[in-house]
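One structure is given here, and the rest of the page talks about it.
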Protein chains: 2
Amino acid sequence: MPKEVVIVNNNKLIKLLKQNGLSITDSRRKILQLFLEQDGALAHGDIEKKAGEKFDRVTVYRTLQIFVDKGIIHTIPTADNSIRYALCKDECGEGHHHDHHIHFVCDNCNTTYCLDDVVTPEIKLPKGYSAGHVEVVVEGVCKNCQ
Amino acid sequence: MPKEVVIVNNNKLIKLLKQNGLSITDSRRKILQLFLEQDGALAHGDIEKKAGEKFDRVTVYRTLQIFVDKGIIHTIPTADNSIRYALCKDECGEGHHHDHHIHFVCDNCNTTYCLDDVVTPEIKLPKGYSAGHVEVVVEGVCKNCQ
DNA sequence: TATAAAAAAGCAACAATGTTGCAAAAGATA
DNA sequence: TATCTTTTGCAACATTGTTGCTTTTTTATA
(Lines give C-alpha, C1' and ligand atoms only; values in the text may rest on other atoms or scores of the structure.)
Protein backbone atom coordinates (compact mmCIF):
# COMPACT_ATOMS: atom_id res chain seq x y z
CA MET A 1 0.00 0.00 0.00
CA PRO A 2 1.65 3.26 -1.17
CA LYS A 3 1.90 6.23 1.15
CA GLU A 4 -0.37 9.07 0.12
CA VAL A 5 1.59 11.83 1.75
CA VAL A 6 4.98 12.65 0.32
CA ILE A 7 7.41 13.40 3.08
CA VAL A 8 10.75 15.10 2.64
CA ASN A 9 13.31 14.95 5.38
CA ASN A 10 11.82 11.69 6.44
CA ASN A 11 14.70 10.66 8.65
CA LYS A 12 14.86 13.85 10.63
CA LEU A 13 11.12 13.84 11.10
CA ILE A 14 10.95 10.29 12.30
CA LYS A 15 13.92 10.72 14.57
CA LEU A 16 12.35 13.76 16.18
CA LEU A 17 9.08 11.98 16.75
CA LYS A 18 10.71 8.85 18.12
CA GLN A 19 12.94 10.86 20.43
CA ASN A 20 9.81 12.16 22.02
CA GLY A 21 8.14 8.81 22.36
CA LEU A 22 5.53 9.53 19.73
CA SER A 23 4.29 6.99 17.27
CA ILE A 24 4.77 7.82 13.62
CA THR A 25 1.58 8.82 11.91
CA ASP A 26 0.81 10.67 8.70
CA SER A 27 -0.62 13.70 10.44
CA ARG A 28 2.31 14.09 12.79
CA ARG A 29 4.77 13.79 9.95
CA LYS A 30 2.89 16.24 7.80
CA ILE A 31 2.48 18.86 10.51
CA LEU A 32 6.04 18.53 11.73
CA GLN A 33 7.21 18.84 8.16
CA LEU A 34 5.36 22.14 7.85
CA PHE A 35 7.34 23.48 10.78
CA LEU A 36 10.66 22.17 9.50
CA GLU A 37 10.29 23.76 6.07
CA GLN A 38 9.07 27.04 7.53
CA ASP A 39 11.11 30.05 8.56
CA GLY A 40 8.56 31.79 10.75
CA ALA A 41 5.92 30.62 13.14
CA LEU A 42 2.57 29.17 12.19
CA ALA A 43 -0.85 29.97 13.55
CA HIS A 44 -3.34 27.19 14.03
CA GLY A 45 -5.26 28.52 11.06
CA ASP A 46 -2.21 28.29 8.79
CA ILE A 47 -1.66 24.71 9.74
CA GLU A 48 -5.26 23.81 9.24
CA LYS A 49 -5.20 25.35 5.78
CA LYS A 50 -2.01 23.58 4.76
CA ALA A 51 -2.57 20.24 6.42
CA GLY A 52 -6.28 20.25 7.14
CA GLU A 53 -7.39 19.22 3.68
CA LYS A 54 -5.92 15.89 4.43
CA PHE A 55 -6.57 15.68 8.16
CA ASP A 56 -9.45 16.34 10.45
CA ARG A 57 -9.53 19.61 12.36
CA VAL A 58 -9.57 17.77 15.65
CA THR A 59 -6.43 15.88 14.68
CA VAL A 60 -4.63 19.15 14.03
CA TYR A 61 -5.64 20.46 17.45
CA ARG A 62 -4.54 17.29 19.18
CA THR A 63 -1.29 17.06 17.27
CA LEU A 64 -0.31 20.62 18.09
CA GLN A 65 -1.22 20.06 21.71
CA ILE A 66 0.94 16.96 21.96
CA PHE A 67 3.84 18.70 20.23
CA VAL A 68 3.66 21.50 22.77
CA ASP A 69 3.45 19.02 25.65
CA LYS A 70 6.49 17.15 24.38
CA GLY A 71 8.51 20.30 23.88
CA ILE A 72 8.73 20.00 20.10
CA ILE A 73 7.04 23.32 19.47
CA HIS A 74 6.26 26.31 21.67
CA THR A 75 3.54 28.93 21.64
CA ILE A 76 4.04 32.62 20.99
CA PRO A 77 1.53 35.03 22.51
CA THR A 78 0.04 37.64 20.24
CA ALA A 79 -2.33 40.54 20.69
CA ASP A 80 -4.82 39.31 18.13
CA ASN A 81 -6.12 36.15 19.74
CA SER A 82 -4.30 33.78 17.45
CA ILE A 83 -1.62 31.68 19.08
CA ARG A 84 1.43 31.09 16.91
CA TYR A 85 3.54 27.97 17.15
CA ALA A 86 7.22 27.53 16.35
CA LEU A 87 9.80 24.77 16.62
CA CYS A 88 11.71 24.53 19.88
CA LYS A 89 15.44 24.27 20.13
CA ASP A 90 16.98 21.00 21.25
CA GLU A 91 17.11 21.87 24.93
CA CYS A 92 13.36 21.69 25.28
CA GLY A 93 11.71 18.53 26.44
CA GLU A 94 8.58 17.16 28.00
CA GLY A 95 7.36 19.40 30.77
CA HIS A 96 10.05 22.00 30.45
CA HIS A 97 10.44 24.56 27.72
CA HIS A 98 13.65 26.54 27.62
CA ASP A 99 12.94 29.27 25.15
CA HIS A 100 14.88 32.29 26.13
CA HIS A 101 14.83 33.91 22.74
CA ILE A 102 12.54 36.75 21.77
CA HIS A 103 9.88 36.83 19.09
CA PHE A 104 9.41 39.29 16.29
CA VAL A 105 6.20 40.03 14.39
CA CYS A 106 6.42 41.95 11.11
CA ASP A 107 3.90 44.74 10.69
CA ASN A 108 4.04 44.37 6.97
CA CYS A 109 3.98 40.68 6.11
CA ASN A 110 2.70 39.57 9.50
CA THR A 111 5.30 36.81 9.72
CA THR A 112 6.37 35.79 13.21
CA TYR A 113 10.03 34.95 13.73
CA CYS A 114 11.94 33.36 16.56
CA LEU A 115 15.08 35.44 16.97
CA ASP A 116 17.14 32.68 18.48
CA ASP A 117 20.21 34.84 18.98
CA VAL A 118 18.45 37.54 20.94
CA VAL A 119 18.02 36.51 24.56
CA THR A 120 15.32 37.87 26.82
CA PRO A 121 16.61 40.66 29.06
CA GLU A 122 16.63 40.57 32.85
CA ILE A 123 13.58 42.34 34.20
CA LYS A 124 13.71 43.96 37.61
CA LEU A 125 10.31 43.53 39.21
CA PRO A 126 8.75 45.52 42.05
CA LYS A 127 8.98 44.14 45.57
CA GLY A 128 6.68 41.19 46.09
CA TYR A 129 6.71 39.85 42.57
CA SER A 130 8.85 36.88 41.62
CA ALA A 131 9.59 36.17 37.98
CA GLY A 132 9.28 32.90 36.17
CA HIS A 133 9.26 33.00 32.41
CA VAL A 134 9.77 36.26 30.51
CA GLU A 135 8.17 36.64 27.12
CA VAL A 136 9.26 39.40 24.74
CA VAL A 137 7.48 40.13 21.49
CA VAL A 138 8.84 42.91 19.29
CA GLU A 139 6.68 44.30 16.55
CA GLY A 140 8.32 46.10 13.63
CA VAL A 141 9.56 45.55 10.07
CA CYS A 142 11.38 42.34 9.22
CA LYS A 143 14.44 41.71 7.09
CA ASN A 144 12.40 40.89 4.01
CA CYS A 145 10.12 43.92 4.15
CA GLN A 146 12.56 46.80 4.71
CA MET B 1 -37.19 57.68 34.83
CA PRO B 2 -34.71 56.26 37.37
CA LYS B 3 -31.36 54.91 36.26
CA GLU B 4 -31.11 51.16 36.61
CA VAL B 5 -27.34 51.03 36.80
CA VAL B 6 -25.71 52.48 39.88
CA ILE B 7 -22.54 54.25 38.94
CA VAL B 8 -19.79 55.21 41.35
CA ASN B 9 -17.17 57.71 40.33
CA ASN B 10 -19.65 59.21 37.97
CA ASN B 11 -17.71 62.39 37.35
CA LYS B 12 -14.46 60.71 36.49
CA LEU B 13 -16.19 58.28 34.20
CA ILE B 14 -18.10 60.91 32.32
CA LYS B 15 -15.08 63.12 32.01
CA LEU B 16 -13.04 60.30 30.56
CA LEU B 17 -15.71 59.44 28.04
CA LYS B 18 -16.29 63.04 27.00
CA GLN B 19 -12.56 63.68 26.66
CA ASN B 20 -12.55 60.99 24.03
CA GLY B 21 -15.56 62.27 22.18
CA LEU B 22 -17.78 59.40 23.22
CA SER B 23 -21.41 59.78 24.08
CA ILE B 24 -22.42 58.74 27.56
CA THR B 25 -24.29 55.47 27.59
CA ASP B 26 -25.06 52.94 30.29
CA SER B 27 -22.89 50.23 28.80
CA ARG B 28 -19.86 52.48 28.38
CA ARG B 29 -20.20 53.73 31.93
CA LYS B 30 -20.62 50.25 33.33
CA ILE B 31 -17.67 48.75 31.43
CA LEU B 32 -15.40 51.69 32.13
CA GLN B 33 -16.37 51.46 35.79
CA LEU B 34 -15.26 47.83 35.84
CA PHE B 35 -11.81 48.89 34.71
CA LEU B 36 -11.58 51.78 37.17
CA GLU B 37 -12.44 49.66 40.19
CA GLN B 38 -10.13 46.86 39.11
CA ASP B 39 -6.47 46.38 39.94
CA GLY B 40 -5.54 43.90 37.24
CA ALA B 41 -6.53 43.46 33.64
CA LEU B 42 -9.78 41.99 32.40
CA ALA B 43 -10.39 39.41 29.72
CA HIS B 44 -13.34 39.75 27.44
CA GLY B 45 -14.98 36.87 29.26
CA ASP B 46 -14.64 38.59 32.63
CA ILE B 47 -16.31 41.68 31.30
CA GLU B 48 -19.07 39.75 29.71
CA LYS B 49 -19.76 37.95 32.98
CA LYS B 50 -19.78 41.12 35.03
CA ALA B 51 -21.51 43.43 32.62
CA GLY B 52 -23.10 41.05 30.19
CA GLU B 53 -26.13 40.26 32.27
CA LYS B 54 -27.20 43.75 31.65
CA PHE B 55 -25.84 44.26 28.16
CA ASP B 56 -25.73 42.33 24.97
CA ARG B 57 -22.58 40.45 24.06
CA VAL B 58 -22.25 42.43 20.87
CA THR B 59 -22.35 45.67 22.83
CA VAL B 60 -19.48 44.49 25.00
CA TYR B 61 -17.40 43.66 21.94
CA ARG B 62 -18.13 47.00 20.35
CA THR B 63 -17.51 48.95 23.52
CA LEU B 64 -14.15 47.32 24.13
CA GLN B 65 -13.19 47.90 20.52
CA ILE B 66 -14.04 51.59 20.70
CA PHE B 67 -12.17 51.96 24.01
CA VAL B 68 -9.08 50.45 22.42
CA ASP B 69 -9.43 52.69 19.37
CA LYS B 70 -9.72 55.78 21.53
CA GLY B 71 -6.76 54.85 23.67
CA ILE B 72 -8.74 54.38 26.86
CA ILE B 73 -7.70 50.74 27.29
CA HIS B 74 -4.98 48.62 25.72
CA THR B 75 -4.65 44.92 24.97
CA ILE B 76 -2.21 42.54 26.60
CA PRO B 77 -1.12 39.49 24.62
CA THR B 78 -1.28 36.14 26.38
CA ALA B 79 -0.33 32.60 25.47
CA ASP B 80 -3.80 31.21 26.03
CA ASN B 81 -5.77 32.94 23.31
CA SER B 82 -7.59 35.27 25.61
CA ILE B 83 -6.79 38.93 25.13
CA ARG B 84 -6.70 40.93 28.34
CA TYR B 85 -7.58 44.60 28.52
CA ALA B 86 -6.32 47.24 30.93
CA LEU B 87 -6.70 50.97 31.37
CA CYS B 88 -4.20 53.17 29.58
CA LYS B 89 -2.26 55.97 31.20
CA ASP B 90 -3.11 59.53 30.28
CA GLU B 91 -0.59 59.83 27.47
CA CYS B 92 -2.52 57.47 25.26
CA GLY B 93 -4.97 58.82 22.76
CA GLU B 94 -6.78 58.01 19.55
CA GLY B 95 -4.51 56.22 17.13
CA HIS B 96 -1.46 56.17 19.36
CA HIS B 97 -0.90 54.03 22.40
CA HIS B 98 2.11 54.81 24.55
CA ASP B 99 2.35 51.88 26.87
CA HIS B 100 5.95 51.32 27.71
CA HIS B 101 5.29 49.37 30.88
CA ILE B 102 5.52 45.62 31.17
CA HIS B 103 2.80 43.17 32.08
CA PHE B 104 2.79 40.50 34.73
CA VAL B 105 0.63 37.38 34.85
CA CYS B 106 0.38 35.46 38.12
CA ASP B 107 0.72 31.70 37.82
CA ASN B 108 -1.35 31.23 40.91
CA CYS B 109 -4.31 33.57 40.79
CA ASN B 110 -4.02 34.23 37.06
CA THR B 111 -4.39 37.96 37.58
CA THR B 112 -2.75 40.19 34.99
CA TYR B 113 -1.12 43.39 36.22
CA CYS B 114 0.26 46.43 34.45
CA LEU B 115 3.55 47.19 36.17
CA ASP B 116 3.55 50.85 35.33
CA ASP B 117 6.89 51.53 36.95
CA VAL B 118 8.80 48.88 35.03
CA VAL B 119 9.70 50.13 31.58
CA THR B 120 10.34 47.85 28.64
CA PRO B 121 14.06 47.29 28.03
CA GLU B 122 15.91 48.20 24.87
CA ILE B 123 16.17 45.19 22.59
CA LYS B 124 19.07 44.92 20.17
CA LEU B 125 17.75 43.25 17.03
CA PRO B 126 19.70 41.44 14.32
CA LYS B 127 20.67 43.34 11.18
CA GLY B 128 17.70 43.96 8.93
CA TYR B 129 15.04 44.14 11.59
CA SER B 130 13.67 47.46 12.80
CA ALA B 131 11.75 47.65 16.03
CA GLY B 132 8.46 49.34 16.66
CA HIS B 133 6.63 48.41 19.81
CA VAL B 134 8.14 46.04 22.38
CA GLU B 135 5.82 43.92 24.48
CA VAL B 136 7.07 42.20 27.64
CA VAL B 137 4.96 39.75 29.62
CA VAL B 138 6.46 38.25 32.75
CA GLU B 139 4.87 35.18 34.26
CA GLY B 140 5.49 34.40 37.93
CA VAL B 141 3.97 34.82 41.38
CA CYS B 142 2.35 38.11 42.30
CA LYS B 143 2.47 40.16 45.48
CA ASN B 144 -0.72 38.65 46.83
CA CYS B 145 0.19 35.02 46.24
CA GLN B 146 3.74 34.76 47.63
C1' DT C 1 4.44 -11.89 8.56
C1' DA C 2 0.16 -12.40 11.03
C1' DT C 3 -2.19 -11.06 15.04
C1' DA C 4 -3.55 -8.78 19.27
C1' DA C 5 -3.23 -4.76 22.03
C1' DA C 6 -2.65 0.09 22.22
C1' DA C 7 -2.76 4.51 20.23
C1' DA C 8 -4.43 7.82 17.14
C1' DA C 9 -7.70 9.56 13.70
C1' DG C 10 -12.14 10.63 12.14
C1' DC C 11 -16.77 11.75 12.89
C1' DA C 12 -20.61 13.98 14.96
C1' DA C 13 -22.38 16.84 18.02
C1' DC C 14 -21.80 20.56 20.78
C1' DA C 15 -19.93 24.88 23.25
C1' DA C 16 -17.77 29.13 23.07
C1' DT C 17 -16.31 33.07 20.69
C1' DG C 18 -16.58 36.55 17.37
C1' DT C 19 -19.05 39.11 13.29
C1' DT C 20 -22.67 41.50 10.48
C1' DG C 21 -26.99 43.84 9.08
C1' DC C 22 -30.85 45.90 10.50
C1' DA C 23 -34.74 47.69 13.36
C1' DA C 24 -35.60 49.80 17.81
C1' DA C 25 -34.08 52.64 21.55
C1' DA C 26 -31.38 56.08 23.69
C1' DG C 27 -28.46 60.12 23.55
C1' DA C 28 -27.14 64.71 21.73
C1' DT C 29 -28.45 69.08 19.82
C1' DA C 30 -31.04 72.97 18.94
C1' DT D 1 -39.56 68.88 23.37
C1' DA D 2 -38.70 67.57 18.54
C1' DT D 3 -35.38 65.94 15.43
C1' DC D 4 -31.28 63.93 14.03
C1' DT D 5 -27.54 60.93 15.12
C1' DT D 6 -25.54 57.36 17.60
C1' DT D 7 -25.77 53.24 19.99
C1' DT D 8 -28.04 49.12 21.38
C1' DG D 9 -30.23 44.66 21.01
C1' DC D 10 -31.59 41.04 18.27
C1' DA D 11 -31.13 37.40 15.05
C1' DA D 12 -28.58 34.95 12.24
C1' DC D 13 -24.37 33.33 11.01
C1' DA D 14 -19.18 32.17 10.82
C1' DT D 15 -15.23 30.64 13.14
C1' DT D 16 -12.83 28.39 16.62
C1' DG D 17 -12.23 25.03 20.04
C1' DT D 18 -13.88 20.71 22.81
C1' DT D 19 -15.66 15.99 23.93
C1' DG D 20 -17.19 11.14 23.51
C1' DC D 21 -17.16 7.36 20.88
C1' DT D 22 -16.21 4.24 16.85
C1' DT D 23 -13.09 2.98 13.33
C1' DT D 24 -8.59 2.84 11.61
C1' DT D 25 -3.73 2.78 12.04
C1' DT D 26 0.40 1.81 14.43
C1' DT D 27 3.16 -0.82 17.43
C1' DA D 28 4.58 -4.78 19.88
C1' DT D 29 4.79 -9.73 19.93
C1' DA D 30 4.36 -14.22 18.68
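Below, read A as the first sequence line, B as the second, and so on, with proteins coming before strands; counting in each chain starts at 1.
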Could you go through nucleotides 16-21 of chain D and list every protein N or O atom that sits under 3.5 Å from one of its N or O atoms, giving the distance for each pair?
from    : atom 1 : to     : atom 2 : distance (Å)
dG17(D) : OP1    : N81(B) : ND2    : 2.7
dG17(D) : OP2    : Y61(A) : OH     : 2.7
dG17(D) : O5'    : Y61(A) : OH     : 3.2
dG17(D) : N7     : R57(A) : NH1    : 3.0
dG17(D) : N7     : R57(A) : NH2    : 3.2
dG17(D) : O6     : R57(A) : NH2    : 3.1

List every contact pair, protein side and nucleotides 23-25 of chain C side both N or O, where the distance is under 3.5 Å.
none

Anything under 3.5 Å between a protein N or O and an N or O of nucleotides 28-30 of chain C, put it in a table, one pair a line.
from    : atom 1 : to     : atom 2 : distance (Å)
dA28(C) : OP1    : I24(B) : N      : 3.0

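Remark: I24(A) pairs with I14(A), L17(A), K18(A), R29(A) by the side chain to side chain contact (heavy atoms under 4.5 Å, CB included) rule, at least two apart or across chains. When the salt bridge (Lys or Arg N to Asp or Glu O under 4.0 Å) test is applied to D116(A), the partners found at least two apart in sequence or on another chain are K89(A). Partners of A43(A) according to the side chain to side chain contact (heavy atoms under 4.5 Å, CB included) rule, which considers only residues two or more places apart in sequence or in another chain, are D46(A), R84(A).
Screening residues 101-110 of chain B for salt bridge (charged side-chain N to carboxylate O under 4.0 Å, His left out), with sequence neighbours left out, gives no hits. Sorted by first then second residue, the side-chain hydrogen bond (donor to acceptor under 3.5 Å, both in side chains) pairs that include residues 56-67 of chain A, not counting sequence neighbours, are Q65(A)-D69(A). Counting only residues at least two apart or in different chains, side-chain hydrogen bond (donor to acceptor under 3.5 Å, both in side chains) contacts with residues 117-126 of chain B are absent.
To the nearest angstrom, P of dT25(D) lies 15 Å from CZ of R28(A). Per the geometry, CG belonging to D80(A) stands 14 Å off C1' belonging to dT15(D), to the nearest Å. In this entry the distance linking NZ of K49(A) with P of dT15(D) reads 11 Å, nearest Å. One can place CD of E53(A) at 17 Å from C1' of dG10(C), the figure rounded to the nearest angstrom. As a whole-Å value, the separation of D56(A) CG from dC14(C) C1' is 15 Å. Between the CG atom of D46(A) and the C1' atom of dT15(D) there is a distance of 15 Å, rounded to whole Å. Atom CD of Q65(A) and atom C1' of dA8(C) are 15 Å apart (whole Å). Spacing between atom CZ of F67(A) and atom C1' of dA8(C) amounts to 12 Å, rounded to whole angstrom units.
H74(B) places a side-chain heavy atom less than 4.5 Å from the side chain of C114(B). When side chains are defined from C-beta on, P126(A) counts as touching V118(B), because their heavy atoms get closer than 4.5 Å. At least one side-chain heavy atom of I66(B) sits less than 4.5 Å from a side-chain heavy atom of R28(B). Residues I47(A) and F35(A) meet the side-chain proximity criterion, which asks for heavy atoms closer than 4.5 Å.
Between the axis at the start and the axis at the end of the helix from dT1(C)-dA30(D) to dA30(C)-dT1(D) there is an angle of 40°, using five pairs per end and rounding to 10 degrees.
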Kindly list each side-chain donor-acceptor pair under 3.5 angstrom involving residues 136-146 of chain B, sequence neighbours excluded, with atom names and distances?
from    : atom 1 : to      : atom 2 : distance (Å)
E139(B) : OE1    : H133(A) : N      : 3.0
K143(B) : NZ     : Y129(A) : OH     : 3.3
K143(B) : NZ     : D39(B)  : OD2    : 3.4
N144(B) : ND2    : Y113(B) : OH     : 3.4
Q146(B) : NE2    : G128(A) : O      : 2.6
Q146(B) : NE2    : S130(A) : OG     : 3.3
Q146(B) : NE2    : V141(B) : O      : 3.1

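V58(B) shares a hydrophobic cluster with no other residue; no ILVMFWY side chain has heavy atoms under 4.5 Å from its own.
The line from OG1 of T75(B) to NE2 of H103(B) is 8.5 Å long, rounded to the nearest 0.5 Å.
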